[in-house]
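As the structure is a computational prediction, the values presented were derived from the model and not from experiment.
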Amino acid sequence: MVKIMIFGLCLTMPVISFGQESYSKVNNPQAEIAKLMAANKNVSTISCDFVQEKELSVLSETITSEGIFLLKDDDKLLWEYHTPYFYKVVINGDRMEIDDSDSKMSFDTRSNRMFREISDIIIKSVNGKIISDNTAFETELFENNKELLVQMKPKTKELGKLFNKIILHISKSNYLVSQIEMLEEQGDVTTIFFKKQKLNEPVETSLFDIH
């Protein structure tokens with residue numbers, strides 16, 4: 001079930017490479033976190049398109065999906081895949097609903113600690129607030145001229161079974177998360193790119209209704 005939902009360095013090495021980009025370790029992480037929190041303080045909604053690339057360790061091909069993402073008031077989320085299939089995850093407070101067009105199921109995340117943690121990770125990753133949460137992850141910050149890169153390793157055994165690490169790319173121009181990489185323990189990698197992000201535009205609360 002959790003897999004379905006998701007499918008949906010050290011100081012002596014000051015420079016590190018991720019892909020084709022080089023980053024240096026942030027000297028004052030708390031200052032950057034303060035900038036991020038200040039930038040997101042007055043954000044009530046985020047709406048955007050997304051492209052997801054899934055690299056499976058057992059396959060040589062990459063599975064690409066596209067859809068829309070909506071976040072409202074830090075506790076309402078809609079993650080809707082349009083291609084190559086329809087699939088939707090809705091979070092509204094402590095309630096979650098999963099719709100794959102063939103079936104729909106809803107449940108209370110408070111009844112399952114893992115569901116609660118996963119829903120928190122999804123929401124806090126997109127608005128950047130996960131960086132200030134020291135309970136679930138050990139966090140390191142790196143930077144270049146264009147962006148912050150946040151590398152997070154799970155602290156809990158439960159999350160460690162799902163993720164080896166999560167990497168957030170945060171644009172320095174607006175302190176929004178532009179990309180999320182989820183590296184799973186068995187070698188699969190999911191990368192999500194957020195496109196055409198819009199802030200504080202009206203978003204109907206009914207879109208997050210769970211029946």
Side-chain angles (χ1 to χ4, degrees), residues 1-10 13 16-26 29-30 32-33 35-37 39-40 46 48 50-57 62-65 67 69 71 74-75 77 79 81 89 91 96 109 112-144 146-172 174-195 197:
M1 174 65 72
V2 174
K3 291 293 183 183
I4 295 175
M5 286 171 46
I6 297 172
F7 189 84
L9 320 156
C10 65
M13 294 179 60
I16 187 167
S17 294
F18 294 86
Q20 300 299 315
E21 299 288 341
S22 293
Y23 298 80
S24 58
K25 192 159 187 176
V26 173
Q30 292 305 317
E32 292 300 328
I33 292 173
K35 291 178 184 178
L36 174 66
M37 300 304 292
N40 283 279
I46 299 175
C48 64
F50 73 86
V51 177
Q52 176 179 296
E53 296 179 353
K54 180 81 171 184
E55 299 176 35
L56 302 175
S57 58
T62 299
I63 301 171
T64 301
S65 309
F69 175 90
L71 179 67
D74 285 346
D75 68 344
L77 174 148
W79 200 303
Y81 293 79
V89 176
I91 297 173
M96 177 180 289
T109 61
N112 187 299
R113 178 185 171 187
M114 182 58 68
F115 285 135
R116 180 70 266 169
E117 289 186 347
I118 291 297
S119 63
D120 283 346
I121 288 170
I122 293 172
I123 291 175
K124 290 181 179 179
S125 290
V126 176
N127 62 22
K129 292 184 178 180
I130 197 170
I131 301 175
S132 60
D133 183 357
N134 296 318
T135 59
F137 293 94
E138 294 179 0
T139 302
E140 289 187 285
L141 271 67
F142 302 85
E143 65 180 342
N144 61 20
K146 295 181 179 180
E147 65 180 11
L148 293 174
L149 187 144
V150 184
Q151 182 172 262
M152 303 181 300
K153 295 185 178 180
K155 284 184 175 181
T156 67
K157 185 178 296 185
E158 293 86 354
L159 288 177
K161 294 177 181 178
L162 296 174
F163 306 110
N164 183 28
K165 69 177 71 171
I166 296 176
I167 299 173
L168 305 182
H169 295 251
I170 300 174
S171 172
K172 285 187 175 181
N174 54 17
Y175 283 92
L176 291 177
V177 175
S178 61
Q179 179 180 334
I180 300 175
E181 298 173 61
M182 294 177 284
L183 288 72
E184 299 175 30
E185 191 64 27
Q186 72 273 24
D188 295 352
V189 179
T190 301
T191 305
I192 301 170
F193 304 90
F194 296 104
K195 310 287 187 179
Q197 292 170 312

Shortest non-hydrogen contact between [X] and [Y], atoms and distance:
{"X": "V177", "Y": "Q197", "result": "O-NE2, 2.8 Å"}
{"X": "K25", "Y": "F142", "result": "CA-CD2, 3.7 Å"}
{"X": "T62", "Y": "E53", "result": "CG2-CB, 3.7 Å"}
{"X": "G160", "Y": "P154", "result": "N-CB, 3.8 Å"}
{"X": "L159", "Y": "I121", "result": "CD2-CD1, 3.7 Å"}
{"X": "L148", "Y": "Y175", "result": "CD1-CE2, 3.9 Å"}

List in chain and number order the residues that pass side chain to side chain contact (heavy atoms under 4.5 Å, CB included) with [X], two or more places apart in sequence or in another chain; answer none if no residue qualifies.
{"X": "N174", "result": "S171, L176"}
{"X": "S178", "result": "E147, H169"}
{"X": "K146", "result": "N144"}

Is any side-chain heavy atom of [X] closer than 4.5 Å to a side-chain heavy atom of [Y]?
{"X": "E184", "Y": "T190", "answer": "yes"}
{"X": "I91", "Y": "W79", "answer": "no"}
{"X": "I63", "Y": "L56", "answer": "yes"}
{"X": "F163", "Y": "L183", "answer": "no"}
{"X": "I180", "Y": "T191", "answer": "no"}

Which value, rounded to the nearest 0.5 Å, describes the distance between L141 atom CG and I170 atom CD1?
->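 The CG atom of L141 sits 7.0 Å away from the CD1 atom of I170.
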Do F194 and F69 have their ring centres less than 6.0 Å from each other?
->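 When the ring centroids of F194 and F69 are compared, they turn out to be within the sub-6.0 Å range.
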Applying salt bridge (Lys or Arg N to Asp or Glu O under 4.0 Å), can you list everything that pairs with [X], at least two apart in sequence or on another chain?
{"X": "K172", "result": "E143"}
{"X": "K35", "result": "E32"}
{"X": "D120", "result": "R116"}

Does a salt bridge link K165 with E138, judged by any charged N lying under 4.0 Å from a carboxylate O?
->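 No salt bridge links K165 with E138.
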